[in-house]
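Notes follow once the structure below has been shown.
Bear in mind that the values here come from a model prediction, so they are computed numbers and not experimental data. Letters go in sequence order (proteins before strands), and every chain restarts at 1.
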Protein chains: 2
Amino acid sequence: MIRLNSEFTIAVHSLVLLAYRPDRTATSEMIAANVCTHPARVRKVLSCLKKTGHVATREGSGGGYTLACDPHEVTLAEVYRVTSIGSIKPSWCSGDVEEDCLIACNMADVMDGIFSEAESRMLTYLAQVKIADVLERLRAAHAAKP
Amino acid sequence: MIRLNSEFTIAVHSLVLLAYRPDRTATSEMIAANVCTHPARVRKVLSCLKKTGHVATREGSGGGYTLACDPHEVTLAEVYRVTSIGSIKPSWCSGDVEEDCLIACNMADVMDGIFSEAESRMLTYLAQVKIADVLERLRAAHAAKP
DNA sequence: CTTACTGTTATTATAAATATTACAGTTCAA
DNA sequence: TTGAACTGTAATATTTATAATAACAGTAAG
């Protein structure tokens with residue numbers, strides 16, 4: 001089974017939330033409350049997005065996270081690359097390289113190639129979805145409610 | 001993080017192994033040894049592939065599993081649909097439907113849609129890869145070794 | 001100097017994946 | 001007609017991965 005890492009979700013959610021807020025700023029505690037997780041987890045994910053320049057941070061009182069990119073430009077593929085690249089591949093591998101069997105000793109490699117290609121197809125889709133699009137979808141979902 | 005279910009790998013490995021064997025037949029014990037897992041796990045996965053007609057089984061002494069499809073026809077997309085459809089979506093969800101916030105209460109739904117679309121892009125790739133192609137890749141990987 | 005933050009690591013708890021055991025049911029063949 | 005070799009399936013245990021929590025050093029504002 002595949003299982004998309006939830007850090008990807010946290011990263012997207014955080015960026016969307018920052019884009020949504022008028023001042024484009026929030027603390028890890030505020031974001032964590034919205035995401036429904038622990039502030040330390042938010043800080044961990046956002047510290048990756050800081051390294052890539054997607055958010056800026058300010059420590060100390062009155063500090064927090066600020067969106068440092070254009071939500072109309074940044075794609076989910078970018079976010080995925082930061083948080084979860086390679087995660088499509090299962091940790092469990094079938095076969096055994098030491099075996100003296102064509103299949104058993106090469107299956108891990110071959111499946112690895114297939115997973116990589118599958119992931120790259122997924123990325124071409126994620127490259128079409130921008131942070132601003134996600135916000136738009138959220139608004140549409142909200143408007144559609146009774 | 002995404003995490004492709006390893007039952008998909010076990011299913012592919014089993015089908016390839018059956019296709020490779022001259023009589024296209026093997027027991028769960030033989031397959032498990034090649035895959036490196038427990039025979040009961042192989043039986044569980046293959047009982048799904050039996051329902052879809054990809055393998056035939058015979059219980060009792062001298063029984064086992066037989067390939068019941070053409071490896072040049074069956075695609076990995078088909079196998080994925082049998083074993084792992086929906087598995088790309090993380091079990092963990094961000095946000096909370098009960099919240100009175102545009103983002104928090106709709107994020108799960110919106111991400112769900114994005115994951116579904118991502119999975120379907122992956123499936124269009126997997127639909128291009130046949131069981132026979134995997135066997136071919138295994139032969140190529142083997143030939144490339146010193 | 002105190003309060004409110006980030007950054008980071010370590011630890012614990014929880015959930016999910018995998019392995020194992022067990023046994024009923026089936027078939028073959030001696 | 002009995003025993004050996006299988007599948008099918010569920011229950012349980014074990015291992016591994018994920019997420020939550022705690023803790024604290026460092027930084028900046030007031």
Side-chain N,O ([X]) to OP1/OP2 ([N]) below 4.0 Å:
X: B:Ser91; N: C:dA16; value: yes
X: B:Trp92; N: D:dA20; value: yes
X: B:Ser47; N: D:dT7; value: no
X: B:Ser28; N: D:dC6; value: no
X: B:Lys50; N: D:dG8; value: yes

Original post:
Would you call B:Lys130 and B:Glu136 a salt bridge, taking side-chain N to carboxylate O under 4.0 Å as the test?
Top reply: no
Out of [options], which nucleotide sits closest to the side chain of [X]?
X: A:Ala40; options: D:dA22, C:dT20, C:dG25; value: D:dA22
X: A:Ser6; options: D:dT18, C:dT27, C:dT8; value: D:dT18
X: B:Thr57; options: C:dT20, D:dA20, D:dG8; value: D:dG8
X: B:Ser61; options: C:dT6, D:dA5, D:dT9; value: D:dA5

Original post:
Which part of the nucleic acid, if any, lies within contact of A:Lys51, taking any heavy atom under 4.0 Å across all strands shown: a base, the sugar-phosphate backbone alone, or nothing?
Top reply: nothing
Will you find, in the side chains of [X] and [Y], an N or O donor that is under 3.5 Å from an N or O acceptor?
X: A:Ser94; Y: B:Thr9; result: no
X: A:Thr57; Y: A:Lys50; result: yes
X: B:Ser28; Y: B:Arg43; result: yes

Which whole-number value in Å describes the distance from [X] [atom1] to [N] [atom2]?
X: A:Tyr65; N: D:dT27; atom1: OH; atom2: C1'; value: 13 Å
X: A:His38; N: C:dT12; atom1: NE2; atom2: C1'; value: 12 Å
X: B:Phe8; N: C:dA17; atom1: CZ; atom2: P; value: 16 Å
X: A:Ile31; N: C:dC5; atom1: CD1; atom2: C1'; value: 12 Å
X: B:Arg41; N: C:dT18; atom1: CZ; atom2: P; value: 4 Å
X: A:Ile10; N: D:dT18; atom1: CD1; atom2: P; value: 12 Å
X: B:Glu7; N: C:dA17; atom1: CD; atom2: P; value: 9 Å
X: A:Leu46; N: C:dG7; atom1: CG; atom2: P; value: 8 Å

Subject >> Residue whose nearest DNA chain D nucleotide is more 5′ - A:Gly62 or B:Thr27 >> reply: B:Thr27
**OP:** On DNA chain D, check which nucleotide each of A:Glu59 and B:Gly60 is closest to and give me the residue with the more 5' one.
**Re:** B:Gly60
Subject >> Mutual orientation of the aromatic rings belonging to B:Phe8 and B:Tyr80 [parallel < 30°, tilted 30-60°, perpendicular > 60°] >> reply: perpendicular
